[in-house]
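Take a look at the structure below.
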Amino acid sequence: MIHAVMVISTQAKPRLLKFYSFQPPEKHQELVRSVFQLLSARPDGVSNFVEVDSIFGPGTKMVYKHLATLYFVFVFDSSENELAMLDLIQVFVETLDRCFKNVCELDIVFNFNKLHTILDEMILGGQVIETSSEQIMKSVEEIARLEKQSSTTSLIPKSISERFSR
C-alpha cells in the first residue's frame, strides 16, 4: 500500500501532500521536515530507495526522484515493488509534463487542483489504479470538460431566464 505522496521543493516547501494512511494534521510538517532533511543530506548518485522506519513506522520504504527544484516522493510498505513505485513517479511526472507542457514548480503551485486530479486518477486509497499516462490524460480532460460544461449550465430553465431578462 502507498502511505503517502509528497512533492517537496528544494527549499523544503511542501507543494503536494497526500496521505493514504492516517497521519494527524499536526504531524504533517514534522514528516515533511524529516523527509526533506533525509533527502537533502543524500549525495547525488546514491540509490533512490530509502528505508524510513524511523519516520513512518516499521516496514515502510521511500522512493524519490529529484527533478529540477522538486523532490517527488512516494512512501509505501512491503506489499509494493520498489521499481514499480519508481516507474509510477515517472508516469506521474510524464503526465504532469503532458498536462502543463514541461512542468515547473509554478505550474504545481498555481494548478494544485489539477495536480490532485491527476494523482487521484493514478492512486485510490493507497492502491495504484492506473499506470497509463494516456488514460490518465483522457480522464483529466474529460473531468475538465465536464466541469466547464457544468459551470455554463444554468439551473434556471431558459424560458424563465428569458422572461426576467427583458
Side-chain angles (χ1 to χ4, degrees), residues 1-100 102-133 135-137 139-140 143-144 147:
M1 177 180 157
I2 298 171
H3 294 282
V5 174
M6 301 178 182
V7 178
I8 306 171
S9 75
T10 52
Q11 302 299 313
K13 301 223 183 297
R15 299 305 184 193
L16 169 74
L17 294 178
K18 184 92 173 202
F19 293 96
Y20 297 101
S21 58
F22 179 73
Q23 297 291 338
E26 52 276 357
K27 193 176 176 188
H28 290 184
Q29 277 302 109
E30 178 187 329
L31 291 172
V32 169
R33 194 174 307 110
S34 298
V35 167
F36 179 76
Q37 286 174 348
L38 180 69
L39 293 176
S40 61
R42 291 178 66 83
D44 292 338
V46 296
S47 172
N48 291 8
F49 307 104
V50 184
E51 301 228 357
V52 286
D53 297 337
S54 61
I55 300 173
F56 287 95
T60 54
K61 297 177 184 177
M62 178 176 77
V63 63
Y64 69 95
K65 203 165 199 176
H66 183 199
L67 300 168
T69 61
L70 297 169
Y71 289 104
F72 292 85
V73 181
F74 281 44
V75 178
F76 54 96
D77 59 25
S78 60
S79 67
E80 299 290 344
N81 181 299
E82 293 142 337
L83 291 174
M85 290 295 103
L86 188 60
D87 188 50
L88 195 61
I89 291 175
Q90 185 63 35
V91 170
F92 186 45
V93 171
E94 284 176 11
T95 307
L96 291 174
D97 274 342
R98 291 177 81 177
C99 194
F100 297 115
N102 201 7
V103 68
C104 68
E105 189 173 348
L106 286 176
D107 291 325
I108 289 173
V109 169
F110 292 114
N111 298 292
F112 64 91
N113 286 338
K114 192 170 270 194
L115 185 73
H116 278 278
T117 302
I118 291 168
L119 191 59
D120 290 344
E121 289 298 317
M122 293 175 63
I123 302 168
L124 179 66
Q127 300 297 316
V128 178
I129 57 173
E130 185 59 66
T131 57
S132 167
S133 183
Q135 283 302 117
I136 295 166
M137 279 306 296
S139 297
V140 169
I143 290 168
E147 284 176 345

Give, for atom [atom1] of [X] and atom [atom2] of [Y], the distance between the pair rounded to the nearest 0.5 Å.
{"X": "Lys13", "Y": "Glu105", "atom1": "NZ", "atom2": "CD", "result": "9.5 Å"}
{"X": "Ser21", "Y": "Met1", "atom1": "OG", "atom2": "CE", "result": "5.0 Å"}
{"X": "Glu147", "Y": "Thr117", "atom1": "CD", "atom2": "OG1", "result": "6.5 Å"}
{"X": "Asp87", "Y": "Glu82", "atom1": "CG", "atom2": "CD", "result": "13.5 Å"}
{"X": "Leu83", "Y": "Leu88", "atom1": "CG", "atom2": "CG", "result": "12.5 Å"}
{"X": "Ser34", "Y": "Leu39", "atom1": "OG", "atom2": "CG", "result": "10.5 Å"}

Measure the shortest side-chain to side-chain distance between [X] and [Y] over non-hydrogen atoms and say whether it is less than 4.5 angstrom.
{"X": "Cys99", "Y": "Met137", "result": "yes"}
{"X": "Thr95", "Y": "Glu121", "result": "no"}
{"X": "Asn102", "Y": "Asp97", "result": "yes"}
{"X": "Gln135", "Y": "Met122", "result": "no"}
{"X": "Arg98", "Y": "Ile136", "result": "no"}

Run the side chain to side chain contact (heavy atoms under 4.5 Å, CB included) check on Phe19 and Phe56 step by step: do they pass? CA-CA 11 Å; Phe19 293 96; Phe56 287 95; 4.2 Å; yes
Kindly check if the number of other-residue, nucleotide or ligand heavy atoms within 6.0 Å of CZ (Phe49) is above 12?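 Yes - once you tally the heavy atoms of other residues, nucleotides and ligands closer than 6.0 Å, there are more than 12.
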Would the number of heavy atoms belonging to other residues, nucleotides or ligands and lying under 6.0 Å from CD of Gln11 be above 12?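 At most 12 heavy atoms, drawn from other residues, nucleotides or ligands, come within 6.0 Å of this atom.
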Quick one: side chain to side chain contact (heavy atoms under 4.5 Å, CB included) partners of Leu124, sequence neighbours excluded?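 Expected list: Ile129.
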Ignoring hydrogens, what is the shortest heavy-atom contact between Asn48 and Lys65? Give both atom names and the distance.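 The answer is ND2-CA, 4.3 Å.
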Which heavy atom of Phe36 sits nearest to which heavy atom of Ser9, and what is that distance?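 Reported closest heavy-atom pair: CE1-O, 3.6 Å.
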Let's go through Phe76 and Val128 carefully: what are the C-alpha distance in whole Å and the side-chain angles of both, what is the deciding distance for side chain to side chain contact (heavy atoms under 4.5 Å, CB included) to 0.1 Å, and is it a yes or a no? CA-CA 11 Å; Phe76 54 96; Val128 178; over 6 Å; no
Any donor-acceptor pair under 3.5 Å linking the side chain of Asp53 with the backbone of Thr60? yes
Just by distance, do the side chain of Arg15 and the backbone of Phe112 share a donor-acceptor pair under 3.5 Å?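 No; judged by distance alone, with no hydrogens or angles, the pair does not exist.
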Check against side chain to side chain contact (heavy atoms under 4.5 Å, CB included), Ile55 and Val75: CA-CA 10 Å; Ile55 300 173; Val75 178; over 6 Å; no
Aromatic ring pairing Tyr64/Tyr71, orientation class (parallel under 30°, perpendicular over 60°, tilted between):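 Geometry flag for Tyr71 against Tyr64: perpendicular rings.
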Between Thr10 and His66, does the side chain to side chain contact (heavy atoms under 4.5 Å, CB included) criterion hold? Intermediate values first, please. CA-CA 9 Å; Thr10 52; His66 183 199; 3.4 Å; yes
Listed partners of His116 passing ring pair (Phe, Tyr, Trp, His ring centres under 6.0 Å), at least two apart: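 Partners of His116 by the ring pair (Phe, Tyr, Trp, His ring centres under 6.0 Å) criterion come out as none, since no residue qualifies.
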Lys114 bridged to Asp107 by N-O distance under 4.0 Å: no
